[in-house]
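Each ligand, and each atom within it, is numbered from 1 in the order the structure gives. When a residue number appears, it is its place in the shown sequence, counting from 1. Just so it is clear, the structure is predicted and the values come from calculations on it, not from any experiment.
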Amino acid sequence: MTGERFAALWGSLSPIGRAGGDGGYLRHSWTDADLVCREWFVEEALDRDLEVEVDRNGNLWAWWGSPEGDGAVVTGSHLDSVPHGGGYDGPLGVVSGLLAVDRLRERGVTPSRPIAVVVFTEEEGARFGVPCLGSRLLTGAFDPAQALRLQDRDGIFLAEAMGKAGLDVDALGPDPSRLARIGAFVELHVEQGRALDVLDAPVGVASGIWPHGRYRLDFSGEGNHAGTTRMRDRHDPMLTLAHTVLAADEAARAHGAHATVGRVDVAPNATNAIAARASAWLDARAADGDTLDRLVGAIQQRAEERARHDGTRVTLAAESVTGEVAFAGDVSRLAALELGAPVLPTGAGHDAGVLSKHVDTGMLFVRNPTGISHAPQESASDADCAVGVEKLTDLLARLSQ
Ligand code: GLV
Ligand code: MN
Ligand code: MN
């Protein structure tokens, strides 16, 4: 595989959903941009004579061999993005999966198990709040009734968005027989840090994923006039929020962990009014589950202390929590041995982490020279992506024998 050949397929997907201005992507699940990406995938799959299926949770599968066969070897990732995200997070794994099928055929590999390329839906949770929603529903890690009640920022329910795209939302839920037919899952992904660049390696193998969660903080106080309310009479939830953001940063550093508040909503969001309410979303990640629990507990305690000081109220609710993932099965061992690539942990979540509880799973990373992800500067060279395709092909060839 040459970089030029990788670039040719990449170039047919990369213009879709580019938000303009900053070069980032707005490919939120079930929006027009996402639907065009899905159509692109179906066309590419059909061009390769793959059999395309949409599963009960809206995930797309392209099969070389029978979808009903046992021990399937599956690769793929997702096509949705975070707001103004980079182009590689997700799509790189999908494009690489399609190209790996081409390479297997060119190499004359006759798989003795079915091979599939999958596109999981709503991996980022950017629209409906729950990351890896497609794989969680498939594996039974998320309640379909609760999924149907999820709403986006405009109040549109997941049920409505999926229904409009032609999905039967009453069918949402676990798919144990599909899961049981998968023998191995490999997700190739752009690296979301600079470890491979520092090691001067184009491709790496994942050892595991840090436990992580998303928590909603709701602050309430007393809305009032910004010009006439004396400072000592205020009950300003923005102060409690601001202190909580600083406390999260301090606590994460103290615990050797990560904590981020990257999204807030303020009401009424007026320049000349003290806010009445504010909500903030905390993303917290740590190397082990105990540290994560202690981190979130410390942040909650600091938020509550500050709320007492401000005369406001705060509540914290977990929206999704994912436990520690160790890629320690045969797929991962084989990848590390065969590919001779560096082995790295990651703090980023992936469908591979969700699948790993049920299926022998591994992940490959492709070097990202900027080390930036979830932002337009995310990058990977065509040459490295081509190496990624070859390594993925090697692994699929071994696994499918
Ligand atoms: C997925 O990209 C995550 O937020 O870890
Ligand atoms: Mn991501
Ligand atoms: Mn991703």
Side-chain angles (χ1 to χ4, degrees), residues 13 17 19 24-29 34 37 41 59-60 75-97 117-136 141-142 185-193 195 204 206 208-216 252 257-263 281-287 292 318-325 327 344-356 361-368 370-380 385 388 392:
L13 175 64
Y25 286 87
L26 282 174
R27 288 173 174 164
H28 296 158
S29 58
D34 184 47
C37 287
F41 177 75
N59 306 308
L60 286 167
T75 189
S77 191
H78 60 97
L79 292 173
D80 64 314
S81 76
V82 298
H84 298 267
Y88 292 85
D89 176 355
L92 182 59
V94 176
V95 169
S96 300
V117 184
V118 65
V119 176
F120 286 111
T121 184
E122 182 76 352
E123 191 272 351
E124 298 289 7
R127 181 166 182 197
F128 293 103
V130 178
C132 300
L133 186 60
S135 56
R136 282 186 211 265
F142 198 77
F185 178 60
V186 184
E187 182 169 358
L188 178 147
H189 205 277
V190 70
E191 198 205 345
Q192 296 173 289
I209 301 179
W210 278 18
H212 54 281
R214 293 182 182 195
Y215 309 83
R216 179 181 168 132
H258 295 169
T260 309
V261 177
R263 176 184 167 196
W281 281 262
L282 168 71
D283 179 306
R285 311 189 188 213
L292 180 63
E319 288 195 334
S320 64
V321 181
T322 307
E324 187 170 355
V325 172
F327 295 117
L344 330 156
T346 180
H350 299 285
D351 295 304
V354 177
L355 268 279
S356 70
T361 295
M363 283 194 79
L364 304 184
F365 293 132
V366 171
R367 169 165 56 190
N368 172 358
T370 63
I372 293 177
S373 189
H374 285 184
Q377 293 77 11
E378 182 181 87
S379 80
C385 294
L392 179 63

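Judged by distance alone, the side chain of Glu187 and the main-chain N or O of Ala352 form a donor-acceptor pair under 3.5 Å.
In terms of polar-atom proximity, Gly349 is counted as a contact of ligand 1, with an N or O under 3.5 Å from an N or O of the ligand.
Considering CD of Glu191 and CD of Glu378, their distance stands at 11.0 Å, rounded to 0.5 Å. With rounding to the nearest 0.5 Å, the separation of OG1 in Thr370 from OH in Tyr88 is 10.0 Å.
With a 4.0 Å heavy-atom cut-off, ligand 1 is reached by the side chain of Glu124 but not by its N, CA, C or O. Residue contacts with ligand 1, taken as heavy atom pairs separated by less than 4.0 Å, do not involve His350 at all. Under 4.0 Å from ligand 1, the heavy atoms of Arg285 that appear belong solely to its side chain.
Rounding to 10°, one obtains 140° for the angle at the Mn ion (ligand 2) between OE1 (Glu124) and OD2 (Asp89).
Counting heavy atoms from C-beta outward, Val130 and Glu319 have side chains that stay 4.5 Å or more apart. Looking at His84 and Leu26, their side chains come closer than 4.5 Å, going by heavy atoms from C-beta outward. Under the 4.5 Å side-chain criterion, counting only non-hydrogen atoms from C-beta, His212 is not in contact with Pro131.
Take the N/O/S atoms of His374: the one nearest the Mn ion (ligand 2) is NE2. Considering just the N/O/S atoms of His78, the one nearest the Mn ion (ligand 3) carries the name NE2.
Annotation: cation-pi pair Arg285/Trp210 absent, no NZ/CZ under 6.0 Å from the ring centroid and within 45° of its normal.
The Mn ion (ligand 3) has an N, O or S atom of His189 closer than 2.8 Å. For the Mn ion (ligand 2), the N/O/S atoms of Glu123 include none lying under 2.8 Å.
Residue contact check for ligand 1: His374 places a non-hydrogen atom closer than 4.0 Å to it.
Within ligand 1, counting atoms from 1 as listed, the ones closer than 4.0 Å to a heavy atom of Ala348 are 5 (O).
Side-chain contact annotation: Asp89 with His189, donor-acceptor N/O pair under 3.5 Å present.
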